Amino acid sequence: MKASETKATLSFSNGGQNVELPIYKGTMGPDVIDIRKLYAQTGMFTYDPGFMSTASCESAITYIDGDKGELLYRGYPIEQLATNCDFLETCHLLLYGELPNGDQKKNFTKLVTNHTMVNEQMQFFLRGFRRDAHPMAIMTGLVGAMSAFYHDSTDINNPKHREIAAIRLIAKMPTLVAMAYKYTVGQPYMYPKNELSYAGNFLHMMFATPCEEYKVSPVLERALDRIFILHADHEQNASTSTVRLCGSSGTNPFAAIAAGVACLWGPAHGGANEAALNMLYDIQKAGGVEKIGEFIKQVKDKNSNVKLMGFGHRVYKNYDPRAKLMQETCREVLGELGLENDPLFKLAMALEKIALEDEYFVSRKLYPNVDFYSGIVQRAIGIPVPLFTAIFALARTVGWIAQLNEMIGDPDYKIGRPRQLFEGSAKRDVKPISQR
Ligand code: SDX
């Protein structure tokens, strides 16, 4: 970051001493006011629950322009990456800052492929769960459990150790997600097959059985690979901020990523894809397109607590570029599968059209986000609804790891420790129980 000529001057109406605060500029996006010395100089904290106006770090990985609806991974527009690259090239870009050349891509793919198996002991963790356990409950457990296998070989201050932990996590997430799925359907786990692509291998581990050869569909393979690219990273969202805060204590990367999985599960965040599909199912069951008006009315009634899931975003005040690409992928996949008249896709597009013409949504700049269409295409691929967020976690692991390594790689990083505005009871003495 570079210092800006202009400074911010804080003045106090009670005649307190003015405070000068430096302003820094990044490559793009809003400048920042450096308040690190504010408490020392004024004895006061800033107050920003939900971090509506707070930059928690500096980063060179992902840039979002919420007004334009623009998303760049290391400067490359998501539209170009989703069309011209595959997920492992995108992983290389997020981790190392550059797209790989031919040799680098071959080596990186080989490295990831050779780490896709998990320790045989991992399967015994699954047995503790009920068969109908939510896959994200299983994933939160399994990813945290990886610490037990690598904790002693991951000195996070050693860049080589950090890199191998990154490769292990990217490589093993598909295996773990497929195991979580197979466990819930009572089928045997399928081992990774090294001759398959990253997405192809995941489809194999999900849908193959020992009883017959499984042929990976190139259409589904490409669609899944694009879904992974679209979910790979997204600046300082809730789960990425969780991973950074958790990792800032010096814990091992597996524990920090497990914290990210747990946070992503929430319906306001990654859990919205599952919630959005269930919302479409509910509207369909209630009568479909002609029931949309009634549903929108419920959404606008604050007491209903009903939200239009897959809509709205803290940063995007325009169309989420990933939602556009996801809608395109929906069209392609449904078309290839002869499902172009899929009622749920039609319902989603009708719902989007009505919402985008409704003053409630327009005035609040609520547009479809990445989660609005992703469920429809995942369902068309054959992925069960409860697994949608686990797929999101699978894809976002590279972003979490890249952001964690960026933080730990900065020699000046500190443990994150926010303060508070205390509104509790002033100091008082404990009375004997007879007087309470
Ligand atoms: C992801 O941060 C990221 O980058 C996340 C993510 C990533 O890649 O990591 O992009 C992934 O999490 C996408 C978002 C998925 N969540 C949903 O689709 C759930 C539904 N959306 C909302 O819960 C909401 O839009 C949030 C949580 C996404 C954003 O909430 P904000 O920024 O805190 O905004 P808000 O709740 O203060 O909403 C502002 C207004 C409110 O109304 P008023 O108080 O002004 O009257 O808009 C309303 C909200 O009630 N509103 C909605 C709405 N989203 C916001 N009303 C109906 N339906 C919605 N979906």
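Remember, it's a predicted structure, so these values are computed and weren't measured experimentally. We count ligands from 1, going down the list as the structure has it; atoms in each ligand are counted the same way.
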How far is [atom] from its nearest protein heavy atom, and which residue and atom is that?
| atom | value |
| --- | --- |
| atom 44 (O) of ligand 1 | Lys302 NZ, 3.9 Å |
| atom 48 (C) of ligand 1 | Tyr360 OH, 3.7 Å |
| atom 36 (O) of ligand 1 | Lys307 NZ, 4.4 Å |
| atom 2 (O) of ligand 1 | Asn237 CB, 3.5 Å |
| atom 9 (O) of ligand 1 | Arg396 NH1, 2.8 Å |
| atom 14 (C) of ligand 1 | Asn369 ND2, 3.5 Å |
| atom 58 (N) of ligand 1 | Leu308 N, 3.0 Å |
| atom 51 (N) of ligand 1 | Leu366 CD1, 3.7 Å |

Less than 4.0 Å between a side-chain N and a carboxylate O, is that true for [Y] and [X]?
| X | Y | value |
| --- | --- | --- |
| Arg74 | Glu98 | no |
| Lys324 | Glu328 | no |
| Lys25 | Asp31 | yes |
| Lys300 | Asp358 | yes |

Does ligand 1 come near enough to [X] that some N or O of the ligand is less than 3.5 Å from an N or O of the residue?
| X | result |
| --- | --- |
| Phe392 | no |
| Phe311 | yes |
| Gly310 | yes |

Exercise. Do you know the tightest heavy-atom contact between Gly260 and Thr242?
Worked result: N-CG2, 4.3 Å
Problem set entry | Per-atom contacts of ligand 1 with Arg314, taking only distances under 4.0 Å to non-hydrogen atoms | 29 (C), 31 (P), 32 (O), 33 (O)
Exercise. Ala272 heavy atoms, cut-off 4.0 Å: which ligand 1 atoms fall inside?
Worked result: 15 (C), 16 (N), 17 (C), 18 (O)
Exercise. So which of Met117, Lys172, His204, His115 actually passes side-chain contact (heavy atoms from CB on, under 4.5 Å) with Pro192?
Worked result: Met117
For this session: Please indicate, with yes or no, if any protein heavy atom is found under 4.0 Å from atom 42 (O) of ligand 1?
Result: yes
Any luck finding a side-chain donor-acceptor pair between [X] and [Y] under 3.5 Å?
| X | Y | value |
| --- | --- | --- |
| Ser59 | Glu406 | yes |
| Thr6 | Ser4 | yes |
| Ser239 | Trp400 | yes |

Seminar exercise, completed: Within the 4.0 Å heavy-atom cut-off, what Pro267 brings close to ligand 1 is backbone
Seminar exercise, completed: Nearest non-hydrogen contact to atom 4 (O) of ligand 1 from the set His234, Arg322, Met309 belongs to His234
